[in-house]
Amino acid sequence: YPTFYGVCVDIKKAAEIVHKYGKILMIDEAHGSHLNFCSKLPPAAERSGADIVAQSTHKTLPAMTQSSVLHVCSDRVDLDKLSRMLRMLQTTSPSYILMASVQNAVEYMDKYGEERLCKNIDIFRIKTKELRELGVHVLTDDFLKENGCYAFDETRAVISLNDVGITGKELEIILREKYKIQMEMSDLMYVVGYITAADEPEDIARLFDSVKEIYLDAKKNGNQSSKVYIEEFPHLTQEISMKNAFYSDNELVTTEESIGRISSDFIIPYPPGIPLICPGEIIKEETIEYAKSILQNGINVNGIEDNKLRVVV
Ligand SMILES: Cc1ncc(COP(=O)(O)O)c(C=O)c1O
């Protein structure tokens, strides 16, 4: 919460349902540590009824990589049990540099987060509106809400120029090489940029103005057609449990030979990291075709190497 693309669900509602059944709600807020610091953003999970919230502060706050925070937000959580679990998983030698970096980031956001993020969101709104009016597919709060989404995190520049024949990966490369702008990630359709409190409004304007230039150039050159068509996501049947498939005897076969077999591994386009195939599922031809089109467009697919993947023997 939110997703890589800034899409937010209604945590309050989820918390009500979970609590009605006497359970606790844990939220992976890896991409949302900044939400608490700006009144123009969707509500932070810590303030929306979640009981435990995990954050990767290094993703959206000015904290060093590998610095994370686990918030306990209600008295429904058994702190003693939580401590015992953490003792099993954590190092006994914490890094004081990383902890100081988290503290520093939080102090920075406390002081400047509201003002700096609000300023950046204001320019984000102006520029995305301009691009949408021009015909560029860029995610905005209005657009997502009209399409059934609860809320949108307007620190995400999610842009697709697929309509003028440019894939997300290609757009990422053009922005880096020609405009010296590094995006957070790209997939088949979209590039995603993270707008943080450390950015300046001019940086955000420059990103959207560069996209506008690329779009208009492509149109001028007659690029009118989509390059990528995403078919409906193929639904797979779970034949055996994930655990049994993962630990079973397995063999490496070519993607063609894998059709109809049970996968022993995860096949995950990364980014965004959502599995196409999970262990135990029967592999379909459409899924393999889909994975291949992703690979052909220069996107990494974890679990397929040299056109081979692992299936249950
Ligand atoms: C949704 C989600 N949760 C958790 C993580 C892991 O975060 P970390 O970088 O702190 O290991 C990621 C990493 O990208 C993520 O996308």
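For ligands, and for the atoms within them, numbers begin at 1 and follow the listed sequence. Numbers for residues simply follow the sequence, beginning at 1.
Neither side chain, His137 nor Ser160, offers a donor N or O lying under 3.5 Å from an acceptor on the other. For the residue pair Thr255/Asn307, the side-chain donor-acceptor check at 3.5 Å is satisfied. Looking only at atom types and distance, the side chain of Ser67 has a donor-acceptor partner in the side chain of Thr57 under 3.5 Å away.
Atoms of ligand 1 found under 4.0 Å from any heavy atom of Ser68 (numbered from 1 in listed order, with element): 10 (O).
Using a cutoff of 4.0 Å between basic side-chain nitrogens and carboxylate oxygens, Arg125 and Glu154 are scored as salt-bridged.
The protein heavy atom nearest to atom 2 (C) of ligand 1 is Asp28 OD2, 3.4 Å. For atom 16 (O) of ligand 1, the nearest non-hydrogen atom of the protein is His31 NE2, 2.7 Å. What sits closest to atom 5 (C) of ligand 1 on the protein, heavy atoms only, is Ala30 CB, 4.0 Å. Annotation: atom 7 (O) of ligand 1 to nearest protein heavy atom, Ser56 OG, 3.1 Å. The nearest protein atom to atom 14 (O) of ligand 1, hydrogens excluded, is given as Lys59 NZ, 2.9 Å; this is a heavy-atom distance.
Side-chain contact between Pro269 and Asp187 is absent, with no heavy atoms from C-beta onward closer than 4.5 Å.
Note that CD1 of Ile262 and CD1 of Ile282 are 5.5 Å apart. Values are rounded to the nearest 0.5 Å.
Inside a 4.0 Å radius of atom 11 (O) of ligand 1 there is not any protein heavy atom.
His58 counts as a contact of ligand 1, since one of its heavy atoms falls under 4.0 Å from the ligand.
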